[in-house]
Structures are given as C-alpha cells and as structure tokens.
Amino acid sequence: MNTFVALDVGGTSMKGGLVAADGTVLLAESRSTGRERGPDAVVTAVGDFAAELAQRAGTAPVAAGVAVPGIVDEAAGTAVYSANLGWRDTPLRALLEARLGMPVGLGHDVRTGGLGEAAHGAGRGRGDFLFVPLGTGIAAAMIINGSPYPGATGAGGEIGHMVVRPGGEACACGQAGCLEVYSSASALPRRYGDVSLRTEDVLARAAAGDPAAARVWEEALDALADALTAATMLLDPSLVVLGGGLAGSGERLTAPLADRLAARFTFREPPPLALAELGAQAAMHGAAILAARALTGSNV
C-alpha cells in the first residue's frame with residue numbers, strides 16, 4: 001500500500017505525518033515554521049520536515065501533499081500570498097519536488113481540510129457540503145462533488161470576510177462588520193474585554209450567567225447564523241460541517257445555532273449541522289489525498 005508524506009503548514013507551526021493510502025495515519029508530529037527567519041526559511045523548514053518524515057517511513061513514500069494558508073493556486077502549485085508566512089507568488093510545489101524528488105500536491109489549508117472531511121470525516125458520502133472551521137480566523141471550503149472549489153483566483157470560501165454587520169467593528173482586512181470580527185475563536189475574548197482568557201473561558205462564563213459573556217456569545221451565534229443563511233441561499237449545501245476551536249464546544253454551539261437557522265429559513269429547511277470528525281488532522285488527511293492525486297498527475 002502506498003504511503004504519503006502529508007503536511008499542514010500553519011502560521012506558527014506545522015503538523016505533518018505519514019499517511020497510508022487508506023487514510024490510516026502512521027506517524028504524526030509537529031514542528032515550528034520558523035517564520036521569524038523569513039519566507040525563504042519557511043520554505044526550507046517545510047522541505048526539511050517533509051524530508052525527515054520521508055526518511056523515517058518504513059516504506060519509501062511515493063508522493064507528498066502540503067496544505068498552506070493564504071491564497072493558493074493549486075493548479076499552478078503556487079503559494080500566491082500568505083500574510084503570516086510572507087510568501088508572494090512562491091512556486092512551492094516545484095521547490096518541494098526538487099527538494100524531495102517525488103511528486104507534490106499543494107492545497108489551501110481550509111480547502112484541504114474540507115477534502116479530508118469529505119473522504120474520511122463528517123462529509124463522507126455527502127457530495128456537496130460547506131466546511132467552516134471556526135478558529136483564530138474563519139474561512140470555508142465549498143465541497144462540490146467531493147472536491148473543494150477554489151474559485152476563479154484561488155480565494156474562494158472567504159466567509160470570514162463576509163460583512164454581516166454593516167458599519168460594525170473594524171476588521172484587519174480593511175472592512176467593517178466582518179463575520180470573523182464577531183464569531184471567530186479569537187473574537188470572543190477580545191469582545192468580552194479580556195484577551196488573556198481562552199475562548200472556552202468566555203463560554204463557561206456565559207453558561208454561568210455572566211451577562212457580558214452571554215452577550216458576546218449570543219452576538220457571535222447571531223452573526224454566524226446570518227452568514228450561514230446567506231451562504232446556504234447561494235450554495236444550497238446538503239450539510240454544514242463546523243470545525244476549528246469553537247467546534248469543541250459541541251452542542252453549546254450546534255443547538256442554539258440550529259435554532260437560529262431554523263428561524264431564518266421561512267420557505268425551506270436549513271441544512272443540517274455536523275461537527276468535524278478529524279479535528280486537527282483534517283488538513284493532513286486532505287494533504288495525503290493531494291499527494292495521491294499528484295502521483296497520478298492530477299494536481300487539483
């Protein structure tokens with residue numbers, strides 16, 4: 001059975017491993033990206049980590065898959081732009097293929113996570129669904145016929161920068177009132193007024209009756225319900241899969257969110273909600289699928 005090197009590159013750390021063709025994770029580890037040393041050093045760190053994993057495999061891996069943040073042109077194999085890593089038009093696939101001596105598949109981190117959930121997680125057998133990780137930021141992957149849709153420029157799925165509160169709080173993207181400002185995991189402590197708290201601390205205080213925490217949580221749910229309603233009206237997904245840090249709150253998220261969606265859909269049923277099943281390894285599973293596609297000459 002073929003073995004693949006699979007990497008999920010984040011803003012500060014990388015998760016990587018060896019994944020069998022059937023989706024079994026044989027090895028999983030993490031490393032720092034070393035972004036403080038500059039964008040070229042990050043490319044080197046990614047290549048070194050992938051090479052280390054390949055050397056540790058019992059059977060030589062046949063291909064590698066890498067998921068990265070930012071704007072990604074999967075077909076060209078280019079990391080078009082990543083604010084966190086400093087990349088601009090970086091030919092990452094070609095650089096890694098030269099470093100590793102094997103085919104490499106490149107994908108956007110959220111879309112690759114959606115691909116993993118489609119194959120091995122909550123989206124199995126659903127065909128078309130929306131994967132929405134609610135983490136430090138918010139993005140989405142539109143899964144169509146089992147594969148993520150990147151959009152015309154590789155920037156599809158930026159639901160976090162959908163304006164849900166016109167004239168609202170300023171967003172780092174330059175707009176005001178974006179979903180990410182209200183409903184991301186990082187937004188809750190900030191809007192509560194204590195960034196030293198964890199998101200789960202704010203949720204615990206809301207559950208205990210703290211009015212300020214309850215207000216922040218209610219507003220986060222309302223904003224998310226508005227964004228998912230708009231996305232559903234446009235895309236008509238069969239399912240919405242919620243991932244990221246906020247998904248760890250389980251029914252505290254899904255139950256009130258489902259109620260809000262039901263109230264907003266006046267002439268049709270809202271899509272069902274599900275929690276992501278693969279957790280932090282979703283993009284790694286998806287990266288293994290990208291590796292398998294690269295092996296056959298399909299990079300998208």
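Not measured: the values here are computed from a predicted model. We're numbering straight along the sequence, starting at 1.
- Atom OH of residue Y149 and atom CG of residue L235 lie 10.0 Å apart, to the nearest 0.5 angstrom.
- Judged by distance alone, with hydrogens and angles left aside, the side-chain atoms of R126 form a donor-acceptor pair with the main-chain N or O of S238 at under 3.5 Å.
- The pair E29-R56 counts as a salt bridge, with a side-chain nitrogen and a carboxylate oxygen less than 4.0 angstrom apart.
- The side-chain contact (heavy atoms from CB on, under 4.5 Å) test with P189 singles out one residue from V216, V202, D201, and that residue is V202.
- To the nearest 0.5 Å, atoms CG (L246) and CG (L224) are separated by 8.5 Å.
- A salt bridge links R124 with E277: the distance from a Lys NZ or Arg NE/NH1/NH2 to an Asp or Glu carboxylate oxygen falls below 4.0 Å.
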Worksheet entry | CA sep, side-chain torsions, deciding dist, call: I143, L130, side chain to side chain contact (heavy atoms under 4.5 Å, CB included) | CA-CA 6 Å; I143 307 300; L130 192 64; over 6 Å; no
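- Connection of L106 to V80 is not established within any shared hydrophobic cluster, with ILVMFWY side chains joined at heavy-atom distances below 4.5 Å, either directly or through further cluster members.
- Here R93 does not pair with E74 in a salt bridge; the nearest charged N to carboxylate O distance is not below 4.0 Å.
- To the nearest 0.5 Å, the span separating CG on L7 from CG on L53 amounts to 6.0 Å.
- Counting all heavy atoms, side chain and backbone alike, P103 lies closest to A294 at CB-O, 3.7 Å.
- We find the CD-CG distance between E117 and L239 to be 10.0 Å, quoted to the nearest 0.5 Å.
- Atoms OG and CG, from S184 and L134 in turn, are 8.5 Å apart once rounded to the nearest 0.5 Å.
- For the atom pair CZ of F49 and OG of S30, the computed distance is 6.5 Å after rounding to the nearest 0.5 Å.
- Salt bridge R260/E218: present, at least one basic N to carboxylate O contact under 4.0 Å.
- For the pair P256 and R252, the tightest heavy-atom approach, listed with the atom from each and the gap, is CG-O, 3.1 Å.
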Which donor-acceptor pairs under 3.5 Å do side chains of residues 153-167 form with protein atoms, sequence neighbours excluded?
residue : atom : partner : partner atom : Å
R165    : NH1  : D226    : OD2          : 2.8
R165    : NH2  : D226    : OD2          : 3.1

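- Enclosure of atom CD in E36 by more than 12 non-hydrogen atoms of other residues, nucleotides or ligands within 6.0 angstrom is indicated.
- Between R31 and D48 no salt bridge is recorded (no basic side-chain N to carboxylate O distance below 4.0 Å).
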Donor-acceptor pairs are to be reported for all side-chain atoms of residues 11-24 against protein atoms at under 3.5 Å, with residues two or more places apart or in another chain.
residue : atom : partner : partner atom : Å
D22     : OD1  : T24     : N            : 3.0
D22     : OD1  : T24     : OG1          : 2.9
D22     : OD2  : T24     : OG1          : 3.3

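- Distance alone, capped at 3.5 Å, is enough to place a donor-acceptor pair between the T199 side chain and the A185 backbone.
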